[in-house]
Every structure is written in C-alpha cells, then in structure tokens.
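Written below as structure tokens is the structure these notes are about.
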Amino acid sequence: MNIQELEIKCAELGAEIQRLKRQSQDVWEPTVGGLFWMVDWEGGVRRLNPNNRSAVAHHNVFKTEALARKASVLQRRSNLVIQACLNYDPDFVPCWRDDGREKYGFHYSNNMQAWHYSTTFLNDTSVAYVSTPEIAYKVMEYLNSQEIK
C-alpha cells in the first residue's frame, strides 16, 4: 500500500469515526449490506435490505420483525391523529415561538379509555395539533369513533 492509498483510507476511516460519533449509541440503525424490517403502506411488516433508503430516511426501519409489528400499531395510531388534525384544520401551522398562541393536542387516556384534547402547555405530546377548542372537540369525537387506543 502506498502513501496515497493510506491517506485515502485514513480519510475514509476519519469520516466513519465522525459518523459513529454523531450516531446515538442507543438507537439502532441498519448497516450497509445488513437486513432490517419495515412497516409497509398497508401496515404489514416486510424484511428489506438497507438499499431501500426511503425507509431509512423516514425512520421506518426496525432491527427485528417483532419491533416492526409493534411499530405498525403505533404508526397507525399516530397516523390517525395526524389525518384527523389535517382534515379538520388543514391550514393550521402551529407557531412554536409564541407560547401565548394556543395549540390543541391529543392524547389517549388509558384510565378513561378515551381520547382527549388539551392545550399544549398541559399536553405537548401530540403528533399533530389544531387551532381552536371547537375543532379539537370535533377531532376528539372522530378519534373516539375509530376505536383505536
């Protein structure tokens, strides 16, 4: 191996070291040439290789089939909230710089076995938001009619 080849190899290793330093040690990511599982558009689980960069880019990759099956249920729940919020309040864009401008988010109460809404200063865990309590009430009714917990 000559000096030029060693310099190229060193640069490649340096880039890989930087990538690994940026990557969280707690979150699994697929490796080049490895296999992973993803949730498809029907909510089914498929095994793919990491050449499917769209699944990786959308954080729809899981180390095992069991994790992908759990993700399918969670994605369905999140997508329900997102769909309802966008259908009932399609033009609303939450302003996160203004704490005084209320945003209404949604959460499922296991104790009460129902969906509820609240302003974001009480519940900032929703995946999507609407602009008024009247719209939030409509979304909440819709979520409860869907029987997805």
Check residues 68-78 and write down every donor-acceptor pair under 3.5 Å in which the side-chain atom is one partner and the other belongs to a residue at least two apart or another chain.
residue	atom	partner	partner atom	Å
Arg69	NE	Glu65	OE2	3.4
Arg69	NH2	Glu65	OE2	2.6
Ser72	OG	Gly43	O	2.7
Gln75	NE2	Asn60	OD1	3.1
Ser78	OG	Leu74	O	3.3

To the nearest 0.5 Å, what is the distance between [atom1] ([X]) and [atom2] ([Y])?
X	Y	atom1	atom2	answer
Gln113	Glu147	CD	CD	11.5 Å
His116	Asn111	NE2	CG	9.0 Å
Leu86	Asp91	CG	CG	10.0 Å
Tyr88	Glu141	OH	CD	8.0 Å
Arg47	Thr64	CZ	OG1	10.5 Å
Asp40	Arg46	CG	CZ	5.0 Å

Quick check: is [Y] connected to [X] through a chain of hydrophobic side chains (ILVMFWY, heavy atoms under 4.5 Å apart)?
X	Y	answer
Leu80	Val139	yes
Phe36	Val39	no
Leu48	Val45	no

Least distance between heavy atoms, [X] atom then [Y] atom:
X	Y	result
Gly105	Ser126	CA-CB, 3.5 Å
Ala136	Tyr104	CB-CB, 3.7 Å
Met38	Phe62	CA-CD1, 4.4 Å

Inset, instruction - Go through the structure and list residues passing ring pair (Phe, Tyr, Trp, His ring centres under 6.0 Å) with Trp37, not counting sequence neighbours. - result: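 Listed in chain order: nothing, the list is empty.
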Legend entry - Which residues share a ring pair (Phe, Tyr, Trp, His ring centres under 6.0 Å) with Tyr108, sequence neighbours left out: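 Expected list: Trp115.
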Inset, instruction - Quick one: do Tyr129 and Asp89 satisfy side-chain contact (heavy atoms from CB on, under 4.5 Å)? Show the steps, please. - result: CA-CA 9 Å; Tyr129 302 88; Asp89 206 355; over 6 Å; no
Legend entry - Whether Tyr117 and Tyr137 hold their rings parallel, tilted or perpendicular, with breakpoints at 30° and 60°: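 Because their plane-to-plane angle is over 60°, the rings of Tyr117 and Tyr137 count as perpendicular.
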Legend entry - Side chain to side chain, Gln83 and Tyr142, heavy atoms closer than 4.5 Å: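 With C-beta onward as the side chain, the pair touches.
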